[in-house]
A.B. asks: 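To start, I am sharing the structure in question, which I have written as structure tokens.
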Amino acid sequence: MIVVALVAIVFAAAGCAGDPPSVLDGAAEETFTKWMQKYAPRAEKKSSGIYLDFIKRGNASFVVPKENKSWMRLTYTLYTLNDVVAETRDSTLSMLMGYWSATTRFVDDLLPYRSKAHNGNTTICEGLRDAFQYLRVGDSVNIYIPASLAYSNEVTLSGNSGYLGEVLSYQNRPIRLTVRLDEIINDPLVWEEEIVQDYARSKWGQLIKDTVAPGLYMRLLVDDPKGDPITTDSTVRYFFAERFMDHQLLLTNVEKVSKAALYFNSETASQWSYTVSSMTPLELQNAKNDTTDKALYAKVFTKMKAGQTVEVLCTSRWTRLKNAGSQSAIPQVLPYEPRRFQIRTLKWNEPSASKDYDWKALM
């Protein structure tokens with residue numbers, strides 16, 4: 001807060017000396033234009049009022065995104081016009097500012113390209129939406145957006161506190177977005193299925209014919225030949241770790257796994273229950289109608305023996321959050337984000353305390 005105040009004083013002093021007035025607090029368009037002329041003269045003004053200054057042009061063919069169909073995969077850092085970071089998906093920059101956390105997911109964002117009618121319910125402000133019309137995949141660009149086309153009180157870019165920077169708010173003021181556009185996706189369901197299929201084939205040597213169910217693969221990690229086969233009449237006790245494709249942890253009921261991921265002392269992981277989970281015969285039998293992830297567990301359990309450990313690879317439709325993800329969750333879960341699960345079932349006479357087991361297979 002002290003840094004921001006000092007910068008504001010410096011800008012005010014510069015204004016007294018004849019420089020363009022400060023545009024930190026939603027100044028009029030003509031003031032924004034003067035600021036651009038002085039501090040970003042290379043940037044090209046577009047008809048909507050935004051400015052683009054390309055850092056690097058991509059080699060891909062130009063593709064116009066489709067309203068209410070296309071999804072934009074990108075990374076970004078959002079600055080105020082005095083170069084203070086407001087949000088970033090850059091882990092190195094977050095670490096330099098002292099805001100990095102193990103529970104924040106520093107990967108490309110996936111944003112829907114909505115029509116203007118959706119502006120009140122989307123993370124893409126009107127200025128960013130307009131900029132996408134001029135970008136091709138591989139472009140890196142500085143996008144300067146006046147306050148009238150930037151973010152209002154109701155809308156933020158990531159919607160997740162893990163990505164915040166050095167200022168608490170950037171609403172109702174002009175901004176600079178440094179963006180790298182990595183992909184335009186027109187059919188996210190097919191896109192996600194292909195990610196899962198490619199991983200299963202390249203990492204596990206499994207093909208579509210090897211699926212437990214559409215979009216659901218399984219492989220054995222630790223066998224227990226003496227374990228009883230699990231049926232829909234079984235009561236199943238189990239430990240698990242739910243992960244993203246890059247192995248970052250999302251959820252677990254094993255304390256040692258949480259500690260290994262540096263999650264254990266976080267506010268998020270402090271709310272987790274580190275006790276054995278279970279499914280009753282009734283839950284197994286009715287799982288196909290369940291709206292959480294019980295359908296996944298039911299499919300997997302009936303292919304297992306008690307005492308075995310397996311790894312599961314699946315599309316997001318099999319998970320608790322489905323393909324909508326969760327913008328505010330920590331770690332953030334993107335739409336159409338596949339998952340991996342490591343699951344260990346217990347035999348009827350095994351203790352339920354997680355400290356009694358070797359958890360290497362779940363790490």
Side-chain angles (χ1 to χ4, degrees), residues 66 68-71 73 105 107-108 110 112 183-223 229-234 236 238-252 277 279-306 308-326 329 331-345 361-362:
K66 300 176 181 179
N68 305 319
K69 182 176 182 180
S70 294
W71 289 74
R73 185 170 69 84
R105 186 148 171 73
V107 296
D108 279 8
L110 188 64
E183 194 170 3
I184 298 175
I185 301 156
N186 287 327
D187 193 334
L189 286 172
V190 172
W191 174 77
E192 183 187 16
E193 288 171 0
E194 289 177 347
I195 291 174
V196 171
Q197 290 169 12
D198 289 347
Y199 188 97
R201 182 179 62 253
S202 63
K203 303 294 186 181
W204 295 5
Q206 293 190 13
L207 304 176
I208 294 176
K209 65 180 179 63
D210 301 312
T211 54
V212 176
L216 179 61
Y217 295 80
M218 183 179 83
R219 66 169 180 160
L220 184 65
L221 295 180
V222 181
D223 196 9
I230 297 172
T231 71
T232 54
D233 293 322
S234 305
V236 187
Y238 63 98
F239 290 100
F240 73 94
E242 180 181 356
R243 299 180 183 274
F244 299 103
M245 295 294 284
D246 60 3
H247 204 66
Q248 183 173 352
L249 186 65
L250 174 57
L251 183 66
T252 186
S277 299
M279 283 188 73
T280 66
L282 185 61
E283 288 175 316
L284 287 170
Q285 294 159 18
N286 294 329
K288 65 180 180 180
N289 299 318
D290 190 82
T291 57
T292 63
D293 54 7
K294 288 183 179 179
L296 177 150
Y297 284 104
K299 286 285 187 183
V300 170
F301 287 153
T302 52
K303 301 287 184 180
M304 293 178 66
K305 293 178 180 179
Q308 288 182 328
T309 302
V310 300
E311 183 171 21
V312 173
L313 169 67
C314 65
T315 55
S316 55
R317 63 170 284 239
W318 290 100
T319 66
R320 294 170 294 117
L321 299 171
K322 308 306 177 190
N323 57 28
S326 175
Q332 186 182 55
V333 183
L334 297 175
Y336 304 100
E337 185 156 27
R339 305 279 213 289
R340 293 163 54 199
F341 290 74
Q342 290 90 33
I343 303 168
R344 194 224 196 269
T345 56
L362 269 70

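Numbers here simply count residues along the sequence, with the first being 1.
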A.B. asks: Can you see which heavy atom on A361 is nearest to which on L221, and at what distance?
C.D. replies: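 Of all heavy-atom pairs spanning A361 and L221, the closest is O-CD1, 3.7 Å.
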
A.B. asks: Between CG of D210 and CE of M218, what distance do you get to the nearest 0.5 Å?
C.D. replies: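 Interatomic distance, D210 CG to M218 CE, rounded to 0.5 Å: 11.0 Å.
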
A.B. asks: Would a 4.5 Å heavy-atom cut-off, applied to side chains only, mark R243 and L250 as touching?
C.D. replies: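 Answer no - side chains too far apart.
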
A.B. asks: Between R340 and M245, is there a donor-acceptor pair closer than 3.5 Å when you use the side chain of the first and the backbone of the second?
C.D. replies: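 Present.
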
A.B. asks: Looking at P338 and I195, what are the two nearest heavy atoms and their distance?
C.D. replies: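 Heavy atoms of P338 and I195 come nearest at CG-CG2, 4.0 Å.
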
A.B. asks: Under 4.5 Å between any side-chain heavy atoms of P335 and N323, yes or no?
C.D. replies: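 Side-chain contact under 4.5 Å: no.
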
A.B. asks: Please answer whether the main-chain N or O of Y217 pairs with a side-chain N or O of R219 as donor and acceptor at a distance below 3.5 Å.
C.D. replies: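 No.
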
A.B. asks: Quick one: list whatever passes ring pair (Phe, Tyr, Trp, His ring centres under 6.0 Å) with F240, sequence neighbours left out.
C.D. replies: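 Result, ring pair (Phe, Tyr, Trp, His ring centres under 6.0 Å) vs F240: none returned.
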
A.B. asks: Donor-acceptor check, side chain of T345 to backbone of K305, threshold 3.5 angstrom: yes or no?
C.D. replies: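 Yes: the side chain of T345 pairs with the backbone of K305.
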
A.B. asks: Do M304 and P229 have side-chain heavy atoms sitting under 4.5 Å apart?
C.D. replies: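 Not in contact.
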
A.B. asks: Distance alone, cut at 3.5 Å: any donor-acceptor contact between the side chains of Q248 and R105?
C.D. replies: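 The answer is yes; a qualifying pair exists.
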
A.B. asks: Hey, could you give me the CZ/CG distance between F244 and L249, rounded to the nearest 0.5 Å?
C.D. replies: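 One finds 8.5 Å between CZ of F244 and CG of L249.
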
A.B. asks: So, for A287 and A295, which heavy atoms are closest and what is the spacing to 0.1 Å?
C.D. replies: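 For A287 and A295, the tightest heavy-atom pair comes out as O-CB, 3.5 Å.
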
A.B. asks: Under the side chain to side chain contact (heavy atoms under 4.5 Å, CB included) rule, what do R339 and F341 come out as? Steps first, then yes or no, please.
C.D. replies: CA-CA 7 Å; R339 305 279 213 289; F341 290 74; 3.8 Å; yes

A.B. asks: Keeping Q285 on the side-chain end and L282 on the backbone end, is there a donor-acceptor pair under 3.5 Å?
C.D. replies: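 No: the side chain of Q285 does not pair with the backbone of L282.
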
A.B. asks: What residue pairs, at least two apart or across chains, pass salt bridge (charged side-chain N to carboxylate O under 4.0 Å, His left out) with a residue in residues 195-204?
C.D. replies: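 Qualifying pairs: D198-R201.
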
A.B. asks: Are E183 and W191 close enough that a side-chain donor and a side-chain acceptor fall under 3.5 Å?
C.D. replies: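 Per modelled atom types, E183 and W191 side chains form a pair under 3.5 Å.
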
A.B. asks: Is the backbone of A329 close enough, under 3.5 Å, to the side chain of Q332 for a donor and an acceptor to pair up by distance?
C.D. replies: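 Absent.
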
A.B. asks: So among L296, L251, V333, which one has a side-chain contact (heavy atoms from CB on, under 4.5 Å) with R320?
C.D. replies: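 For R320, the side-chain contact (heavy atoms from CB on, under 4.5 Å) check succeeds only for L251.
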
A.B. asks: To the nearest 0.5 angstrom, please state how far the NZ atom of K294 sits from the OG atom of S277.
C.D. replies: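 Answer for the NZ-OG pair, K294 versus S277, is 10.0 Å.
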
A.B. asks: Taking only residues two or more places apart in sequence, or in another chain, which ones meet F301 in a ring pair (Phe, Tyr, Trp, His ring centres under 6.0 Å)?
C.D. replies: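 Ring pair (Phe, Tyr, Trp, His ring centres under 6.0 Å) check on F301 returns Y238, Y297.
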
A.B. asks: Quick check for you: to the nearest 0.5 Å, what is the distance between Q197 atom CD and S202 atom OG?
C.D. replies: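 The distance works out to 11.5 Å.
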
A.B. asks: Within the distance-only criterion (no hydrogens, no angle test), does the side chain of K322 pair as donor or acceptor with the backbone N or O of T292 below 3.5 angstrom?
C.D. replies: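 Pair found, side chain donor or acceptor close to backbone of T292.
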
A.B. asks: For atom CG of L220, is the number of surrounding heavy atoms from other residues, nucleotides or ligands below 6.0 Å larger than 12?
C.D. replies: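 Check passes, neighbour count above 12.
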
A.B. asks: Can a donor-acceptor pair be found between the side chains of N186 and S70 at a distance below 3.5 Å?
C.D. replies: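 Yes.
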
A.B. asks: At what distance, to the nearest 0.5 angstrom, does CD of E192 lie from SG of C314?
C.D. replies: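 If I round to the nearest 0.5 Å, the distance is 8.5 Å.
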
A.B. asks: Taking V236's backbone N and O only, do any of them form a donor-acceptor pair with S234's side chain (distance below 3.5 Å, no angle check)?
C.D. replies: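 The answer is no, because no donor-acceptor pair under 3.5 Å joins these two groups.
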
A.B. asks: Hey, what do you get for CD (E194) to CD1 (I185), rounding to the nearest 0.5 Å?
C.D. replies: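 Nearest 0.5 Å value for the CD-CD1 distance: 10.5 Å.
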
A.B. asks: Which of these, V312, T211, T315, sits in a side-chain contact (heavy atoms from CB on, under 4.5 Å) with L216?
C.D. replies: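 Single pass found, and it is V312.
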
A.B. asks: Counting C-beta onward and ignoring hydrogens, is there a side-chain heavy-atom pair between T302 and T232 closer than 4.5 Å?
C.D. replies: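 Yes, side chains in contact.
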
A.B. asks: Is any side-chain heavy atom of I343 less than 4.5 Å from a side-chain heavy atom of T309?
C.D. replies: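 I343 does not reach T309 side chain to side chain.
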
A.B. asks: Please walk me through it: do Q342 and F239 pass side chain to side chain contact (heavy atoms under 4.5 Å, CB included)?
C.D. replies: CA-CA 8 Å; Q342 290 90 33; F239 290 100; over 6 Å; no

A.B. asks: State, yes or no, whether a side-chain contact exists between W318 and K299 at a heavy-atom distance under 4.5 Å.
C.D. replies: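 Of all side-chain heavy-atom pairs linking K299 with W318, at least one is under 4.5 Å.
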
